[in-house]
Amino acid sequence: MKILLMGHPNVGKSAVFNRLTGANITESNYPGTTVDYTVGYTFIEDQEYEIIDVPGTFSTEPKDEAEQVALDLLANNPDATVISILDATKIERGLYLAFEIMEKGFPLVIALNMWDDAESHNIKIDVEKLEEILQVPVVPTVAISGKGISKLAHKVTQATPTDTKELKKRIENL
Amino acid sequence: MLKKLTELEYGERGIIHSMGENIKPKLCGMGIRDGKLIRMDTKQPIKGPVVITVDQSTTSLGFGLAQQIFIEVKK
């Protein structure tokens with residue numbers, strides 16, 4: 001079983017990866033450096049999962065090498081579950097990528113990372129309502145402290161593909 | 001009044017009215033879409049990049065991109 005960690009640059013994908021696998025990696029992405037991804041393993045409910053830390057990408061339209069790597073990973077792992085990591089302080093722009101991944105038919109779990117930062121900026125997110133609309137698990141996390149990570153791991157086992165036509169209807173009826 | 005993003009004053013705000021079709025896929029993922037409130041933070045001389053804020057995210061856009069974004073500003 002594979003899990004892809006996907007999200008915009010600087011939302012804490014590698015921090016979540018480190019928490020899930022117990023590894024300690026630091027990624028960098030500067031123009032001219034080779035953009036690569038990291039693979040780690042973990043057990044969730046006695047099942048082994050391969051976790052791939054995907055380079056940050058804004059959309060599924062590749063604009064540079066890092067994004068191409070990200071899209072190739074999606075294309076080459078059609079059976080994977082995707083953890084879409086969003087910056088909780090900027091969820092609107094992060095959801096765009098999450099929707100694109102859902103449209104490709106991947107089972108998805110959303111991690112609202114940097115939850116502590118959102119709280120300190122007085123940003124209130126109704127997680128239950130968001131789950132109700134999207135029909136995917138949504139978990140607030142603080143990857144650097146580890147908050148919400150075990151819940152996130154367990155939700156991965158429950159992820160199912162989303163019917164995006166039904167999703168569109170639910171959004172239109174809001 | 002409609003202005004190009006590159007023509008906005010420092011700190012001026014407006015609503016994104018429209019943008020070139022070819023740049024849409026590039027910008028939508030960054031939350032820069034028609035109908036969004038946008039603020040021009042700063043710009044560089046001699047066709048340099050333009051720094052903007054949409055929602056809570058600050059991004060810099062190349063002059064070529066910024067020129068293709070039209071902003072509806074008050075007055």
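Reckoned from all heavy atoms, side chains included, excluding hydrogens, waters and symmetry mates. So that the names make sense, note that chain A is the first sequence line, chain B the second, and so on, each numbered from 1.
The distance from atom CD of A/Glu100 to atom CG of A/Leu95, rounded to the nearest 0.5 Å, is 12.0 Å.
Contacts with chain A were tallied for B/Gln56, B/Met30, B/Lys26; B/Met30 has the most, counting heavy-atom pairs under 4.5 Å.
Checked by atom type, the side-chain pair B/Asn22/B/Lys24 shows no donor-acceptor distance below 3.5 Å. There is a side-chain donor-acceptor pair under 3.5 Å between A/Asp53 and A/Ser14. A donor-acceptor contact closer than 3.5 angstrom links the side chains of A/Asp87 and A/Thr89.
Both the backbone and the side chain of A/Phe58 come within less than 4.5 Å of a heavy atom in chain B. The contact between A/His8 and chain B is made entirely by side chain atoms (from C-beta outward), counting heavy-atom distances below 4.5 Å.
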